[in-house]
Enquirer: 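Okay, handing you the structure first.
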Amino acid sequence: MLIVAINGSPNAEGNTALMLRAALDEVTAAGGEGYFIQVSELLSKARVPYCIVCSNPCEGKCFRGTPLEEAYKLLSRCDGIIIGSPVYFCTVSAQLKAFWDKTRYLRKDKALLNVVGGALSVAAGRFGGQETTLRALQDMMFCQGMTVVGDGFIDEDAGHLGACAQRYVKDDPDGLKRTRILARRVLEVARATASLRTHRTQGK
């Protein structure tokens, strides 16, 4: 099982990154393979940093031959995705939105259909817009036909919508605990639904 963590924060070593790396540690400890994507670095190398719908369906013209293309190839074969974003005015970062808009390139092949997704978010305050950000992340995944997970019920409570934390994450053990639970949930459901993703390899 390949689980990809997508860091929507422009800070590659910040609070969101810390949560995502904790999630990947949990994945690898449970026998999965983890990979970390830093969105801001990829976008800095793009010829056009945001989608302008230059072709429909998307032909990937704006990122072909760049690290973004390699990132989307990775997503097209992963089993699960954990997306993290800091709260920017109660929603996701601009960098993450720009990155995800370009995943329309993957839609024509149903590349993210039935891929398992989980969301996590961090804000400066305890009630700083984390859950509205999680909902935005989940809506983005739903639009790709992904299987989105959240709470693991009382005995494995990842948070009803996903993992939320408060800055500074290193001082928020509850946020990190829920992050690890969310990672286990994504891996567990990815293993249980592997047969639903065989359409990506059939005929190739």
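Given the structure is predicted, the values throughout are model-derived calculations rather than measurements. Both backbone and side-chain heavy atoms feed into the values below; hydrogens, waters and symmetry mates do not.
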Enquirer: Pairs of donor and acceptor atoms involving the side chains of residues 150-157, under 3.5 Å and at least two apart or interchain, shall be tabulated with distances.
Expert:
{"from": "Asp151", "atom 1": "OD1", "to": "Phe153", "atom 2": "N", "distance (Å)": "3.0"}
{"from": "Asp151", "atom 1": "OD2", "to": "His160", "atom 2": "ND1", "distance (Å)": "2.7"}
{"from": "Glu156", "atom 1": "OE1", "to": "Arg184", "atom 2": "NE", "distance (Å)": "3.3"}
{"from": "Glu156", "atom 1": "OE1", "to": "Arg184", "atom 2": "NH2", "distance (Å)": "3.1"}
{"from": "Glu156", "atom 1": "OE2", "to": "Arg184", "atom 2": "NH2", "distance (Å)": "3.3"}
{"from": "Asp157", "atom 1": "OD1", "to": "Gly159", "atom 2": "N", "distance (Å)": "2.8"}
{"from": "Asp157", "atom 1": "OD1", "to": "Arg178", "atom 2": "NH1", "distance (Å)": "3.3"}
{"from": "Asp157", "atom 1": "OD2", "to": "Arg178", "atom 2": "NH1", "distance (Å)": "2.8"}

Enquirer: To the nearest 0.5 Å, tell me how far His199 NE2 sits from Asp109 CG.
Expert: 8.5 Å
Enquirer: Say you draw a straight line from SG of Cys58 to CZ of Arg104; how long is it, rounded to the nearest 0.5 Å?
Expert: 5.0 Å
Enquirer: Distance from Met146 atom CE to Ile81 atom CD1, nearest 0.5 Å?
Expert: 4.0 Å
Enquirer: If you group Ile, Leu, Val, Met, Phe, Trp and Tyr by side-chain heavy-atom gaps below 4.5 Å, do Met19 and Val39 land in one group?
Expert: no
Enquirer: Roughly how far apart are Ile83 CD1 and Thr16 OG1, rounded to 0.5 Å?
Expert: 12.5 Å
Enquirer: Would you please name every residue forming a side chain to side chain contact (heavy atoms under 4.5 Å, CB included) with Gln166, sequence neighbours left out?
Expert: Arg126, Asp172
Enquirer: Considering residues at least two apart in sequence or located in another chain, which fulfil the side chain to side chain contact (heavy atoms under 4.5 Å, CB included) criterion with Lys45?
Expert: Pro67
Enquirer: For Asp171, enumerate each residue passing the side chain to side chain donor-acceptor pair (under 3.5 Å) test, keeping only those at least two apart in sequence or located in another chain.
Expert: none
Enquirer: Has the side chain of Thr132 got a donor or acceptor atom that lies under 3.5 Å from a matching backbone atom of Cys90?
Expert: yes
Enquirer: Who are the salt bridge (Lys or Arg N to Asp or Glu O under 4.0 Å) partners of Lys61, not counting sequence neighbours?
Expert: Glu59
Enquirer: By side chain to side chain contact (heavy atoms under 4.5 Å, CB included), which residues pair with Asn114, not counting sequence neighbours?
Expert: Thr147, Leu196, Arg197
Enquirer: Without swapping roles, check the side chain of Ser121 against the backbone of Ser85 for a donor-acceptor pair under 3.5 Å.
Expert: yes
Enquirer: Okay, side chain of Gln130, backbone of Val87: is any donor-acceptor separation there less than 3.5 Å?
Expert: no
Enquirer: Write down the atom of Gly32, the atom of Arg191, and the distance for their closest heavy-atom approach.
Expert: N-NH2, 4.0 Å
Enquirer: Enumerate donor-acceptor pairs with a distance under 3.5 Å from any side-chain N or O in residues 6-15 to protein atoms, sequence neighbours excluded.
Expert:
{"from": "Asn7", "atom 1": "OD1", "to": "Ser9", "atom 2": "N", "distance (Å)": "3.1"}
{"from": "Asn7", "atom 1": "ND2", "to": "Asn11", "atom 2": "O", "distance (Å)": "3.4"}
{"from": "Asn7", "atom 1": "ND2", "to": "Gln38", "atom 2": "OE1", "distance (Å)": "2.7"}
{"from": "Ser9", "atom 1": "OG", "to": "Asn11", "atom 2": "N", "distance (Å)": "3.0"}
{"from": "Asn11", "atom 1": "OD1", "to": "Glu13", "atom 2": "N", "distance (Å)": "3.0"}
{"from": "Asn11", "atom 1": "OD1", "to": "Gly14", "atom 2": "N", "distance (Å)": "3.3"}
{"from": "Asn15", "atom 1": "OD1", "to": "Val169", "atom 2": "N", "distance (Å)": "2.9"}

Enquirer: Would you please name every residue forming a ring pair (Phe, Tyr, Trp, His ring centres under 6.0 Å) with Tyr88, sequence neighbours left out?
Expert: none
Enquirer: Show me the donor-acceptor pairs, under 3.5 Å and distance only, between side chains in residues 133-140 and residues at least two apart or in other chains.
Expert:
{"from": "Thr133", "atom 1": "OG1", "to": "Thr91", "atom 2": "O", "distance (Å)": "3.4"}
{"from": "Thr133", "atom 1": "OG1", "to": "Gly129", "atom 2": "O", "distance (Å)": "2.9"}
{"from": "Gln138", "atom 1": "NE2", "to": "Leu161", "atom 2": "O", "distance (Å)": "2.7"}

Enquirer: With a cutoff of under 4.5 Å between side-chain heavy atoms, which Ile, Leu, Val, Met, Phe, Trp and Tyr residues group with Ile52?
Expert: Tyr50
Enquirer: Any non-hydrogen side-chain atom of Leu176 less than 4.5 Å from a side-chain atom of Leu18?
Expert: yes
Enquirer: Write down the atom of Ala190, the atom of Ile3, and the distance for their closest heavy-atom approach.
Expert: CB-CD1, 4.3 Å
Enquirer: Between the side chains of Asp101 and Lys97, is the shortest nitrogen-to-carboxylate-oxygen separation below 4.0 Å, so that they form an ion pair?
Expert: yes
Enquirer: Rounded to the nearest 0.5 Å, what's the gap from OH on Tyr105 to CG on Leu75? Could you check?
Expert: 12.5 Å
Enquirer: With the 4.5 Å side-chain cut-off for hydrophobic clustering, are Leu20 and Val149 part of the same group?
Expert: yes
Enquirer: Would a hydrophobic clustering, with Ile, Leu, Val, Met, Phe, Trp and Tyr connected at side-chain separations under 4.5 Å, put Ile82 with Ile37?
Expert: no
Enquirer: Of all residues at least two apart in sequence or in a different chain, which pass the ring pair (Phe, Tyr, Trp, His ring centres under 6.0 Å) check with Phe99?
Expert: Tyr72
Enquirer: Given the rule that I, L, V, M, F, W and Y join up when any side-chain heavy atoms are under 4.5 Å apart, are Leu113 and Val186 in one cluster?
Expert: no
Enquirer: Measuring from Met141:CE to Leu112:CG, what's the distance to the nearest 0.5 Å?
Expert: 10.5 Å
Enquirer: Just jot down the side chain to side chain contact (heavy atoms under 4.5 Å, CB included) partners of Leu2, sequence neighbours excluded, or say none.
Expert: Val4, Glu33, Tyr35, Leu74, Arg77, Cys78, Asp79
Enquirer: Any chance OH of Tyr168 has more than 12 other-residue heavy atoms, nucleotides or ligands included, within less than 6.0 Å?
Expert: no
Enquirer: Any donor and acceptor pair, going by atom type alone, linking the side chain of Thr103 with main-chain N or O of Leu106 inside 3.5 Å?
Expert: no
Enquirer: In sequence, state the C-alpha distance, the side-chain angles, and the governing distance for Arg200 and Val115, and then conclude on side chain to side chain contact (heavy atoms under 4.5 Å, CB included).
Expert: CA-CA 11 Å; Arg200 300 188 299 179; Val115 171; 3.5 Å; yes
Enquirer: Would you call Cys143 and Arg107 a side-chain contact if the rule is heavy atoms closer than 4.5 Å?
Expert: yes
Enquirer: Transitively linked via ILVMFWY side-chain contacts under 4.5 Å: Phe36 with Leu96?
Expert: no
Enquirer: Compare every heavy atom of Thr179 with every heavy atom of Ala22, then report the nearest pair and how far apart it is.
Expert: CB-CG2, 4.4 Å
